[in-house]
Amino acid sequence: DAGVIQSPRHEVTEMGQEVTLRCKPISGHNSLFWYRQTMMRGLELLIYFNNNVPIDDSGMPEDRFSAKMPNASFSTLKIQPSEPRDSAVYFCASSLEAGEDEQYFGPGTRLTVT
Amino acid sequence: AQSVSQHNHHVILSEAASLELGCNYSYGGTVNLFWYVQYPGQHLQLLLKYFSGDPLVKGIKGFEAEFIKSKFSFNLRKPSVQWSDTAEYFCAVIPAYSGAGSYQLTFGKGTKLSVIP
């Protein structure tokens with residue numbers, strides 16, 4: 001298996017622009033997670049899905065952030081409008097079942113908002 | 001909600017030295033525990049995990065961790081580090097059961113390990 005795939009790997013955008021990050025989980029995994037990593041706050045869970053349904057979005061910073069999982073093999077994390085403080089590395093991870101199995105992480109998207 | 005504390009922010013060791021990274025968690029129930037490693041510029045990879053059974057678990061690359069329930073600890077150890085172990089190490093915990101339906105994997109802040117050749 002190719003593992004968790006994320007795109008783009010790097011994104012540089014101007015403040016106010018819309019940013020869409022994409023993730024393809026490992027085939028057969030039922031749970032998908034979006035994390036944000038910064039120097040100041042470390043790794044934070046933003047949202048996770050189980051069987052394509054959002055289960056816990058308490059980590060989503062504010063209404064500018066939204067995530068969707070239209071099918072079992074694709075998820076997006078959207079920031080609209082983006083702000084410089086959104087600059088971070090965003091990781092997607094998947095697991096067979098939330099809580100029971102290890103999470104496999106993608107390579108991350110490094111987002112820079114200027 | 002659970003929380004994870006990693007005691008050391010940055011550890012510097014010479015090659016062949018022994019390593020122990022501390023991890024303590026707080027949660028009232030049963031947990032599953034993980035150590036992940038992030039090599040420079042790369043994504044997180046699982047080093048080892050504990051779900052149940054023998055509290056001394058062995059992982060990849062010679063790493064091991066011991067779960068001490070009474071101390072809420074899950075310290076990572078390696079008897080002899082190599083330069084290639086230079087990375088950031090994250091302890092993580094997740095409730096083993098969730099009546100509320102939310103399985104949030106909580107990470108510690110991470111410990112940077114620098115190994116000097």
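None of these values were measured; they are calculated from a predicted model.
- Taking A/N51 as the reference, A/N30 meet the side chain to side chain contact (heavy atoms under 4.5 Å, CB included) condition, with sequence neighbours excluded.
- Taking non-hydrogen atoms and a 4.5 Å limit, the residue list of residues 10-18 of chain A in contact with chain B is empty.
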- Query: Where do B/Y36 and A/L43 land on the side chain to side chain contact (heavy atoms under 4.5 Å, CB included) test, with the steps shown first?
  - Reply: CA-CA 12 Å; B/Y36 282 85; A/L43 263 167; over 6 Å; no
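- Linking ILVMFWY residues whenever their side-chain heavy atoms come closer than 4.5 Å, directly or via other members, leaves B/L56 and B/I60 in distinct clusters.
- When the shell of 6.0 Å around CZ of B/F67 is examined, it contains more than 12 heavy atoms from other residues, nucleotides or ligands.
- Put simply, A/F33 and A/F74 are part of two different groups of oily side chains (I, L, V, M, F, W, Y) that touch within less than 4.5 Å, one to the next.
- Shortest non-hydrogen contact noted between A/M40 and B/K109 is O-NZ, 4.3 Å.
- In B/H10, the NE2 atom is crowded: over 12 heavy atoms of neighbouring residues, nucleotides or ligands sit closer than 6.0 Å.
- Heavy atoms of other residues, nucleotides or ligands lying less than 6.0 angstrom from CG of A/N71 number more than 12.
- Between B/I94 atom CD1 and A/E102 atom CD the span is 12.0 Å, to the nearest 0.5 Å.
- The list of salt bridge (charged side-chain N to carboxylate O under 4.0 Å, His left out) pairs with a residue in residues 64-87 of chain B, not counting sequence neighbours, reads B/K58-B/E64, B/E64-B/R77, B/E66-B/R77, B/K78-B/D85.
- Contact annotation for B/L46: only side-chain heavy atoms (C-beta onward) come within less than 4.5 Å of a heavy atom of chain A.
- In the hydrophobic cluster analysis, where Ile, Leu, Val, Met, Phe, Trp and Tyr join through side-chain heavy atoms closer than 4.5 angstrom, B/Y39 is grouped together with B/V11.
- Separating the OH atom in A/Y35 from the CG atom in B/L44 is a distance of 9.0 Å, to the nearest 0.5 Å.
- By the ring-ring contact (aromatic ring centres under 6.0 Å, His included) test, B/H43 is found to be paired with no residue, residues two or more places apart in sequence or in another chain being considered.
- Taken to the nearest 0.5 Å, the CD atom of A/Q103 stands 6.0 Å off from the CZ atom of B/F107.
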- Stepwise side chain to side chain contact (heavy atoms under 4.5 Å, CB included) test for B/Q38 and A/F91: CA-CA 12 Å; B/Q38 188 176 26; A/F91 288 102; 3.4 Å; yes
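- If you measure heavy-atom distances from A/E44 to chain B, you find no contacts under 4.5 Å at all.
- Annotation: A/R110, atom CZ; neighbour count of heavy atoms from other residues, nucleotides and ligands within 6.0 Å does not exceed 12.
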